[in-house]
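This report refers to the structure that appears directly beneath it.
In this chain, numbering begins with 1 at the start of the sequence shown. These values consider heavy atoms only, across backbone and side chains, with no hydrogens, waters or symmetry-generated copies.
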Amino acid sequence: MATMRITTGMAMNTYRHNMQNSTYNVNNSRNKVLTGRRFDSFAADPTSAAQAWKIRRAMVDNSNYQSNNSNTYSRFNIGWATMGMIKTDLETEADAADIRARQDATAGARVDLGKVLNDTAESVIQAMNSAKFGDHFVFSGDDEMNAPFSWSDDMKTLYYRGVNVNAGMVKNPADPKNIPEWAKDADGNLLEVREEADLPEGMPETAAAGSDDEQWIKYYKDDKEALENGTTRPPMPTTATIPDWVKKDDTGNPVGLTLENKVPEGMPESSTDEIEQAWIDYFNDQKKAADDNTYTAVYPKPSDPPGAAWGEANKYGVPELTGTVDETHIAYNRAWAAYYKDNADAQRLEELSAEYENIDLGMGLQEDENGKLVNGTAFNRSLPGINMLGFGVDEDGDPVNLAMIMKRLGEIYSNCDPTTGAFSKNEEEAEKLKTEADRLLNKYQAATDRTNASYTDVETKAHYLQQNQARLKLQGDYLQEERENIENVDLADAMTEFSWDYYCYSAALKVGTQLLSESLIDYMR
């Protein structure tokens, strides 16, 4: 039976192959011990590598969520602390105001109370502006780089991001309830310039029966009725004497009545109210046109909007020519321009109050089929300051904003008599101011309650953020643990594996030494 001779070359090839495997294994096990990783490339373990990639992506997202949540919590915590201080001050001043302002025993302190309320209003706004997270203003909504509130130069008008917080106080000229009462009849219908005959000045109401005065009184009354109703006028009396009050021409002869164009009864000569002044101008212009056939009335009816005459309107309904109206224009233009601007400000305040700044805090961040965020999948970190203090005016025309209520109360009380606490020397005006002050005191308490509710809302959201931070951290710990289970080796197993591979490697080296020695002897032979 023939035997196969194993040559030195064959032995060396086999040895080199085994030696390479031993070297690879010992290096691989050594790297596992040194790095603690189970694999170093996707090809080494595709399944585990794919799982690890998903987990690492989730870990990156979790880290971002934690960072966003931490920053948002800090913002809300600053807002909560600021509103907490405001809440304490308001509750203190509300109790003091109610006692010191309403009770006659402390009426003399109303002047001091007015100053305190005025200063408190300004300090509240200052506190809202000073709430900052880094360079960002906490209560500025989504415009975090600018202070939310500002005062006018006279400190009487408050603006939120450039918009008057009392927007909505300008009356709509087209609203029937804003037409002056003297311009309407008993049924509320608009009056017009009327033709009327005036009785002679100084004509007595009655006179003795059968007297000349009685005949002329009856004549003028009948003549007035005939002229105004368009019926046949009565004949002029032929009395022995003509009373002094009878109307006469330039030659001294008696004359009948004449129709004159009249504006509505009770219409004042002028008014500080722009809408009422516009109606005064309108009726005077109508009368002028009625008196002079060559004149055409030019003043529009105040209840009719300017329409296309002022150009196209923007998204807030403000025509483009509104900005050109100034104090030199007629009352109609001033009234409508003021309304347009004020109504636009009211709409802008509504938009500013509804601002949101959604941020992903690991709540799902999902959109519906219309591309809108699903409620509850994102967190709104916006804190518009006007939602805390209020904006606009109520049905009485009083400010809703807390600071403006305090400002108005401060103004009323500051002008009281420092000794008696009287609101005014004029009794009618004093009663009017007292009524307004009492009304505003009740609304001040309601505004304080609304601010307290906002404080509670911010506190609740801050508490949620705190809990969410703990949840995210726990979730991050779980992800880290799962990643380690997939990517990292058990150190004890890795060291055991390394020991075995190193033993095999050492053995291979010894075998190689023996093989090389025999091969050298064979060569020498």
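By the 4.0 Å N-to-carboxylate-O rule, D291 lies close enough to K287 to be salt-bridged with it. Salt bridge absent: D223 and K218 never bring a charged side-chain N and a carboxylate O closer than 4.0 Å. Using a cutoff of 4.0 Å between basic side-chain nitrogens and carboxylate oxygens, D292 and K288 are not scored as salt-bridged.
Side-chain contact annotation: W182 with E276, donor-acceptor N/O pair under 3.5 Å present. In this model, no donor atom of one side chain and acceptor atom of the other lie less than 3.5 Å apart for S382 and E357. Side-chain contact, Y295 with D285: a donor N or O sits under 3.5 Å from an acceptor N or O. Q366 and T377 are not linked by any side-chain donor-acceptor pair at a separation below 3.5 angstrom, with hydrogens and angles left out of the test.
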Working for side chain to side chain contact (heavy atoms under 4.5 Å, CB included), residues F423 and R110
CA-CA 9 Å; F423 289 93; R110 286 174 180 160; 3.3 Å; yes
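Every residue two or more places apart in sequence or in another chain was checked for a side-chain contact (heavy atoms from CB on, under 4.5 Å) with D153, and none qualifies. For E228, the side-chain contact (heavy atoms from CB on, under 4.5 Å) criterion is met by E196, A197, K224, L259, not counting sequence neighbours. Scored by the side chain to side chain donor-acceptor pair (under 3.5 Å) test, D273 finds K171 as partners (sequence neighbours excluded). With sequence neighbours excluded, the residues that form a side chain to side chain donor-acceptor pair (under 3.5 Å) with Q469 are N69. Under the rule for a ring pair (Phe, Tyr, Trp, His ring centres under 6.0 Å), the partners of F149 that lie at least two apart in sequence or sit in another chain are Y160. The ring pair (Phe, Tyr, Trp, His ring centres under 6.0 Å) check on Y65 picks up nothing, with sequence neighbours excluded. A174 is linked by a side-chain contact (heavy atoms from CB on, under 4.5 Å) to N172, W336, counting only residues two or more places apart in sequence or in another chain. In this structure, the salt bridge (Lys or Arg N to Asp or Glu O under 4.0 Å) partners of K262, at least two apart in sequence or on a different chain, are D198, E260. For D187, there are no side chain to side chain donor-acceptor pair (under 3.5 Å) partners at least two apart in sequence or on another chain. Scored by the side-chain contact (heavy atoms from CB on, under 4.5 Å) test, N68 finds I359, L361 as partners (sequence neighbours excluded).
Using bins of under 30°, 30° to 60° and over 60° for the plane-to-plane angle, the ring pair Y282/W279 lands in the perpendicular bin.
Residue pairs meeting the ring pair (Phe, Tyr, Trp, His ring centres under 6.0 Å) criterion with at least one partner in residues 113-143, sequence neighbours excluded, are absent. For residues 381-409, there are no ring pair (Phe, Tyr, Trp, His ring centres under 6.0 Å) pairs, not counting sequence neighbours.
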